[in-house]
Amino acid sequence: MARFLFAATATVLLAVVFTRLSMVLAQHLGVVDYPTDRKKHHRATPLMGGFAIALTTTIILAFFLEPAVYRSWWPIIVGGWAAWLVGFIDDWLKSRGREWRPLPKLIGQILAASLPVLAGFRVEVMTNPLGGELVLVPWLSILLTVLWIVGCMNAVNFIDGLDGLAAGVPAIGAFSMFVVAAIMDEPAVALAALVMAAANVGFLRYNFHPARVFMGDAGANYIGFFLAGISVVGYFKSTISLGMIVPICALGLPIYEGFSSTLRRLREHRPVYQAGRDHLHYRLMEKGYSQPQVAGLMYLLAFVLSVSGMIIALASR
């Protein structure tokens, strides 16, 4: 526990430093998010906070993971940066008033997700909490895991609409994964989850309302990829009930947002990839709640869902 505490403290401090540096870098490169009628911020805001989160987790894990484990995790580390790059291209184009078409962006996400999957990091067994297991054939195992990773990337992106939301909710989910992994005696997974939670906490130093920096699509892609990737490592790798129930519950809000928004837009004959103000956090603000109040409510819901996931996962051992 002392090692975990030291790693978490170092991560928070490093994330704070790197987030501040990423703000300067974003301004220098011109990667900023300009206000629009749809957005709530009123000034150009740096859009490279995700770079700080990705760099922090990469460095901290290099120091605190066992060298052999870190080397074996290269598909997750490299794949995470590939996911970040896909999002960064989108952020770069948006900061210049251009849009990256959804299809090439989706293809980029699939390619990033395929890297750890083809290296062997994938769900291989469907476990029923009430008893029984179903061994997946290889092609189905690959397909489901790619969909899982890509889905998590887009789920985090869906909830990235208010200050502190896309960092706070995944931080709560990552901490719940840390607890379950620690109890399951998976120290590497536990450390990785704790480091991700701590990196988001450090980033929140500048992302709480009023936010001075955004993580961008690059940050959302990286966080979603990372949480999905470590959920299919080690003991979690073979059991969908243990490896995925916690992140499914922890990311329940953004997953719900993704499904509900997609269904709503299909019903209204609108493009599913089109940005809009029909998300839950926007609807709550239209009822009169402030940004901090909405964020606090979403944090509470994420906490309840995370605890539920931990209970289900631990009861399924």
Report task. Give the cluster check for Phe175 versus Ile183: same hydrophobic cluster or not, with ILVMFWY residues linked at side-chain heavy-atom distances below 4.5 Å. Result -> yes
Report task. Run the numbers on Ile53 and Met196 for side chain to side chain contact (heavy atoms under 4.5 Å, CB included), then give the verdict. Result -> CA-CA 8 Å; Ile53 295 173; Met196 174 54 72; 4.1 Å; yes
Requested in this report: Say whether Trp74 and Val189 are linked into one hydrophobic cluster, either directly or through other cluster members, by side-chain heavy-atom distances under 4.5 angstrom.
Outcome: no
Query raised in the report: Quick check: does any side chain N or O of Asn157 sit under 3.5 Å from a backbone N or O of Ala220, one acting as donor and the other as acceptor?
Result: no
Report task. Mark yes when over 12 heavy atoms from residues, nucleotides or ligands other than Arg98 sit less than 6.0 Å from its CZ; otherwise mark no. Result -> no
Report summary line: For Gly224 and Cys152 the tightest heavy-atom approach is O-CB, 3.5 Å
Query - Student check: side-chain heavy atoms of Val180 and Met310 closer than 4.5 Å - result: yes
Query raised in the report: Any side-chain heavy atom of Trp81 sitting closer than 4.5 Å to one from Leu85?
Result: no
Requested in this report: Can you see which heavy atom on Ala52 is nearest to which on Ala15, and at what distance?
Outcome: CB-O, 4.5 Å
Requested in this report: Step by step, work out the side chain to side chain contact (heavy atoms under 4.5 Å, CB included) result for Thr11 and Phe6.
Outcome: CA-CA 9 Å; Thr11 301; Phe6 184 40; over 6 Å; no
**Report entry** Point-to-point distance, once rounded to the nearest 0.5 Å, from OG of Ser176 to CZ of Phe303
**Finding:** 9.5 Å
**Report entry** Val117 side chain reached by Phe121 side chain, heavy atoms, under 4.5 Å
**Finding:** no
Report summary line: CD1 of Ile223 to CD1 of Ile159, rounded to nearest 0.5 Å, is 11.0 Å
Query raised in the report: Could you give the distance from CD1 (Ile60) to CG (Leu191), rounded to the nearest 0.5 Å?
Result: 9.0 Å
Report task. Please check if atom CD in Glu66 has more than 12 non-hydrogen atoms from other residues, nucleotides or ligands closer than 6.0 Å. Result -> no
Query - Centroid-centroid distance, Phe178 to Phe4, less than 6.0 Å - result: yes
Report summary line: In this structure, CG of Leu29 is separated from CG of Leu25 (nearest 0.5 Å) by 4.5 Å
Requested in this report: Tell me whether the centres of the aromatic rings in Tyr222 and Phe225 are closer together than 6.0 Å.
Outcome: no
Requested in this report: Quick one: closest heavy-atom pair of Leu165 and Met298, and the distance?
Outcome: CD1-CB, 3.6 Å
Report task. Output, in order, the C-alpha distance, side-chain angles, deciding distance and verdict of side chain to side chain contact (heavy atoms under 4.5 Å, CB included) for Phe51 and Met215. Result -> CA-CA 8 Å; Phe51 177 71; Met215 68 170 59; over 6 Å; no
Query - Common cluster, Val201/Leu13, ILVMFWY with side-chain heavy-atom separation under 4.5 Å - result: no
Query raised in the report: What's the shortest heavy-atom distance between Pro170 and Val156, and which atoms?
Result: CG-CG1, 4.3 Å
Report task. Provide the closest heavy-atom pair for Ser306 versus Ile172 in the form atom of the first, atom of the second, distance. Result -> OG-CG2, 3.7 Å
Report task. Answer yes if Ile89 and Leu111 sit in the same cluster of Ile, Leu, Val, Met, Phe, Trp and Tyr residues linked by side chain heavy atoms under 4.5 Å apart, and no otherwise. Result -> no
Query raised in the report: What salt bridge (charged side-chain N to carboxylate O under 4.0 Å, His left out) pairs are there with at least one residue in residues 81-92, not counting sequence neighbours?
Result: Asp90-Lys94, Asp90-Lys105
Report task. Using side chain to side chain contact (heavy atoms under 4.5 Å, CB included) as the criterion, list what pairs up with Gln27, not counting sequence neighbours. Result -> Val32, Pro46
Query raised in the report: Would a 4.5 Å heavy-atom cut-off, applied to side chains only, mark Tyr206 and Val16 as touching?
Result: yes
Query raised in the report: Is the closest side-chain heavy-atom distance between Asp163 and Phe208 below 4.5 Å?
Result: no
Query raised in the report: When rounded to the nearest 0.5 angstrom, what distance separates CH2 in Trp84 from CG in Leu55?
Result: 9.5 Å
Report task. Measure from the side-chain N and O atoms of Asn200 to the backbone N and O of Gly168, and report whether any donor-acceptor pair falls under 3.5 Å. Result -> no
**Report entry** Any side-chain heavy-atom pair of His209 and Gln293 under 4.5 Å
**Finding:** no
Report task. Verify ring pair (Phe, Tyr, Trp, His ring centres under 6.0 Å) between Tyr70 and Phe64, making sure each step is shown before the conclusion. Result -> CA-CA 9 Å; Tyr70 188 80; Phe64 286 93; over 10 Å; no
Query - Shared hydrophobic cluster for Val17 and Leu61 (ILVMFWY, side-chain gaps under 4.5 Å) - result: yes
Requested in this report: Please report the closest heavy-atom contact between Tyr299 and Val169, naming both atoms and the distance.
Outcome: CE2-N, 3.9 Å
Requested in this report: With side chain to side chain contact (heavy atoms under 4.5 Å, CB included) as the test, would you mind laying out the steps for Met23 and Met48 before giving the verdict?
Outcome: CA-CA 7 Å; Met23 294 164 63; Met48 285 185 62; over 6 Å; no
Query raised in the report: Has Arg96 got its NZ or CZ under 6.0 Å from the middle of the six-membered ring of Trp92, at an angle within 45 degrees of the ring axis?
Result: yes
Report task. Starting at CG of Asn207, measure out to OG1 of Thr45 and round the result to the nearest 0.5 Å. Result -> 10.0 Å
